[in-house]
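Input: a single structure, listed below in structure tokens.
Note that the coordinates shown come from a computational prediction; the quantities given were computed from them, not determined experimentally. Keep in mind that the numbers below use all heavy atoms, side chains included, and drop hydrogens, waters and symmetry copies. A, B, ... follow the sequence lines: proteins, then strands. Residue 1 opens every chain.
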Amino acid sequence: LAKTTQPISMDSYEGQEVNITCSHNNIATNDYITWYQQFPSQGPRFIIQGYKTKVTNEVASLFIPADRKSSTLSLPRVSLSDTAVYYCLVGGRATGTASKLTFGTGTRLQVTL
Amino acid sequence: DAGVIQSPRHEVTEMGQEVTLRCKPISGHDYLFWYRQTMMRGLELLIYFNNNVPIDDSGMPEDRFSAKMPNASFSTLKIQPSEPRDSAVYFCASFSGPNTEAFFGQGTRLTVV
């Protein structure tokens with residue numbers, strides 16, 4: 001499994017853009033990068049997934065540089081309700097690692113007024 | 001679909017008792033996962049199934065833990081005998097295949113006294 005490294009925690013004010021970077025230096029050629037969000041007392045929820053360059057949906061954007069050794073989850077104009085733990089996962093069908101959904105420690109984002 | 005359904009939501013039991021947690025995955029999902037989450041250890045993958053067959057149970061902490069999936073719509077995680085250190089939130093999740101979105105249940109909060 002490709003090991004991922006994320007900051008333990010981040011703080012932000014409401015209305016700011018938040019960027020959370022995940023390092024995955026040994027990502028395999030066919031691995032995808034997936035981000036999940038977890039609120040207190042709930043199970044994780046899928047946010048976004050990408051393979052290269054940029055992916056955007058109604059919730060977030062995911063930026064992946066050409067070497068794919070890192071990725072950045074971007075949350076535009078965060079609100080208090082975005083306070084949660086964000087997990088970065090890396091895995092692929094070819095290596096079989098995408099089946100084993102393994103979560104790291106995640107990044108605890110605290111948004112305040 | 002009602003999503004992944006877990007029962008019970010809360011369970012309080014005495015040390016030494018048998019505990020059975022239940023999960024109904026989303027219809028059509030071929031993969032089912034059991035996780036345990038604590039403050040100290042984070043979100044740990046215990047075991048996962050593909051087409052009702054256990055694929056990787058390396059995360060199961062010890063022989064007191066067992067999991068079954070008798071059919072595509074039902075799985076159980078059993079702890080016998082339970083111990084106070086088993087107190088945690090247990091999540092069940094399912095997805096249709098690697099690199100697809102995983103859906104989590106609401107979790108079962110287990111307290112062993």
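Between B:Phe103 and A:Phe46, the distance from one ring center to the other does not fall under 6.0 angstrom.
Connection of A:Tyr13 to A:Leu109 is not established within any shared hydrophobic cluster, with ILVMFWY side chains joined at heavy-atom distances below 4.5 Å, either directly or through further cluster members. Residues B:Phe49 and B:Leu77 share a single hydrophobic cluster, defined by chaining ILVMFWY side chains whose heavy atoms lie under 4.5 Å apart. Cluster membership check: B:Leu43 shares its hydrophobic cluster with A:Tyr36, using side-chain heavy-atom separations under 4.5 Å among Ile, Leu, Val, Met, Phe, Trp and Tyr. Residues A:Val55 and A:Leu75 are members of one and the same hydrophobic cluster, defined by side-chain heavy-atom contacts under 4.5 angstrom among Ile, Leu, Val, Met, Phe, Trp and Tyr.
Taking the side chain as every heavy atom from C-beta outward, B:Phe91 and A:Gln42 never approach each other to under 4.5 Å. B:Arg109 places a side-chain heavy atom less than 4.5 Å from the side chain of A:Ser41.
Rounding to the nearest 0.5 Å places CD1 of A:Ile48 at 11.5 Å from CD of B:Glu101. Interatomic distance, OG1 of A:Thr102 versus OH of B:Tyr35, reported as 6.5 Å (0.5 Å rounding).
For the pair B:Tyr31 (side chain) and A:Leu101 (backbone), a donor-acceptor distance under 3.5 Å is absent.
At most 12 heavy atoms of other shown residues, nucleotides or ligands fall within 6.0 angstrom of atom CG in B:Asp63. Remark: B:Glu14 CD is loosely packed, at most 12 non-hydrogen atoms of other residues, nucleotides or ligands lying under 6.0 Å away.
In this structure, no portion of B:Arg41 lies under 4.5 Å from any heavy atom of chain A. When heavy atoms are compared at a cutoff of 4.5 Å, B:Gln37 approaches chain A solely by way of its side chain, counted from C-beta outward.
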